Amino acid sequence: MQVSENFLSGDAKEALSSDMASRYSLEIDGKEAYGGAKFSEEVLHTTEKLVARLYGSRYAEVRPIGGHIASEIVLLSLVSRKDNVLSIPESNGGYTGYEGGYLPQMLGFKNYHIPYDNATQEIRLDKLEKLMQVTSPTLLVLGQSFFVRHYDLKAIREICDRHGTKLAYDGSHVMGLIAGKAFQKDVLDYCDVLFGSTHKSFFGPQGGIILTNDEDIYDTMSRNITWRSMDNFHPSRVAALGVATEEMIRSGEKYASLVASNSHSLGKELNDNGIGVRFSPWFSETHQILIDPQSLSKSGLDFRTFSERLEENGIITDREGRVGTAEISRYGLNNMHEIAELILKVFRGESVKDRVKEMLSNMSLKY
Ligand SMILES: *Cc1c(COP(=O)(O)O)cnc(C)c1O
């Protein structure tokens, strides 16, 4: 129940651990630079087509080896040194990489925080407009690591258009939900670029993808990959991504809608029965729910000690209060009353180790 992880199917694992895992592959001006790479290049282009088909985009870039690298490529391509960029602050669940000392310092731009309402999990559009007037940003990056609610993309696009600002969406956490049309399925109608990890709610191998309908952006990004952001793109990983994308095309919609409904139900079950979950009564629209730390501290627990206690019982979460439903949904689990009961028992100090072991031994991949 780790929000940043998922389960790789047997077929995807086979591709990932194939002989390609130790091979090089690179095209220069459309020609292979290495002998023996014909099929690796074919796998690359097949995967690009599959991913573009899945997201309904004109272009798909599948070489980035992670969501962070995908982000770096997008920023390198859309932002110049000394430009201003807006992103959601880490204190509101935004990604740490956009904070001053990381990507902004590396790439020489200045990051400003998008005004955000913690209580409603919404961007404050009136304040955003004012900040845009003052900073004239080149790029606004949406997306969070603690991510439970959609954005008003239409309104944000209109504000961006008024200020000549490009709009990017870091969907690292929600790529699988977007692919399965359960969350912000119209991102590419409003955003210039959608990018993110392929292993969080998207059940692929660890890696990153970038999608766009804009030819100029795509060409610029292509130039910013080889020898700038990376060299080898890990052909076996791309093969595994192709396999996972086929699986997502096949059953992504059922998977993603189960993920979203499981999150809401789990949030409600826990919140009704003793572990506070933030944002009642809707709790979450994604694959993660956020535990209210105050409800833990009353029992002398914090995120870390509670997560450690869960881990002793075979339930894996992060140490930051997020609980994920992507992986259990991939297994087809839909009885959140039962899952909540296990978590609540651990919270009260009971052991559920044997019950969890038994459940795990009966589980098999559904989607
Ligand atoms: C996880 C995450 C990243 C980094 O992704 P990696 O695949 O680990 O490189 C970037 N942005 C956001 C919003 C994330 O949550």
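We count ligands from 1, going down the list as the structure has it; atoms in each ligand are counted the same way. For clarity, every value in this text was computed on a predicted model and none was experimentally measured.
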Enquirer: Quick one: is the NZ or CZ of Arg330 closer than 6.0 Å to the six-membered ring centre of Tyr367, and within 45° of its axis?
Expert: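 Not satisfied by the 6.0 Å and 45° rule.
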Enquirer: Please determine if Lys110 forms a cation-pi arrangement with Tyr112, meaning its NZ or CZ atom is less than 6.0 Å from the six-membered ring centre and no more than 45° off the ring axis.
Expert: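 Yes, Lys110 lies over the aromatic ring of Tyr112.
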Enquirer: Which pairs count as ring-ring contact (aromatic ring centres under 6.0 Å, His included) when at least one residue sits in residues 78-109, sequence neighbours excluded?
Expert: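 Output for this query lists His68-Tyr95, Tyr95-Tyr98.
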Enquirer: Which heavy atom of Ala244 sits nearest to which heavy atom of Gly204, and what is that distance?
Expert: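 For Ala244 and Gly204, the tightest heavy-atom pair comes out as CB-CA, 3.7 Å.
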Enquirer: With a 3.5 Å cut-off and sequence neighbours excluded, list the donor-acceptor pairs that the side chains of residues 132-149 form with protein atoms.
Expert:
residue : atom : partner : partner atom : Å
Thr135  : OG1  : Leu131  : O            : 2.7
Thr138  : OG1  : Asp83   : OD2          : 2.9
Gln144  : OE1  : Tyr151  : OH           : 2.5
Gln144  : NE2  : Asn92   : O            : 3.0
Gln144  : NE2  : Tyr116  : OH           : 3.1
Gln144  : NE2  : Phe146  : O            : 3.3
Arg149  : NH1  : Thr120  : O            : 3.0

Enquirer: Report all side-chain donor-acceptor pairs from residues 30-40 shorter than 3.5 Å, counting only partners two or more places apart or in another chain.
Expert:
none

Enquirer: Could you please provide the protein residues found below 4.0 Å of ligand 1 on a heavy-atom basis, arranged by chain and number?
Expert: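 Ligand 1 pocket, heavy atoms under 4.0 Å: Gly66, Gly67, His68, Tyr95, Gln144, Ser145, Asp170, Ser172, His173, Ser197, His199, Lys200.
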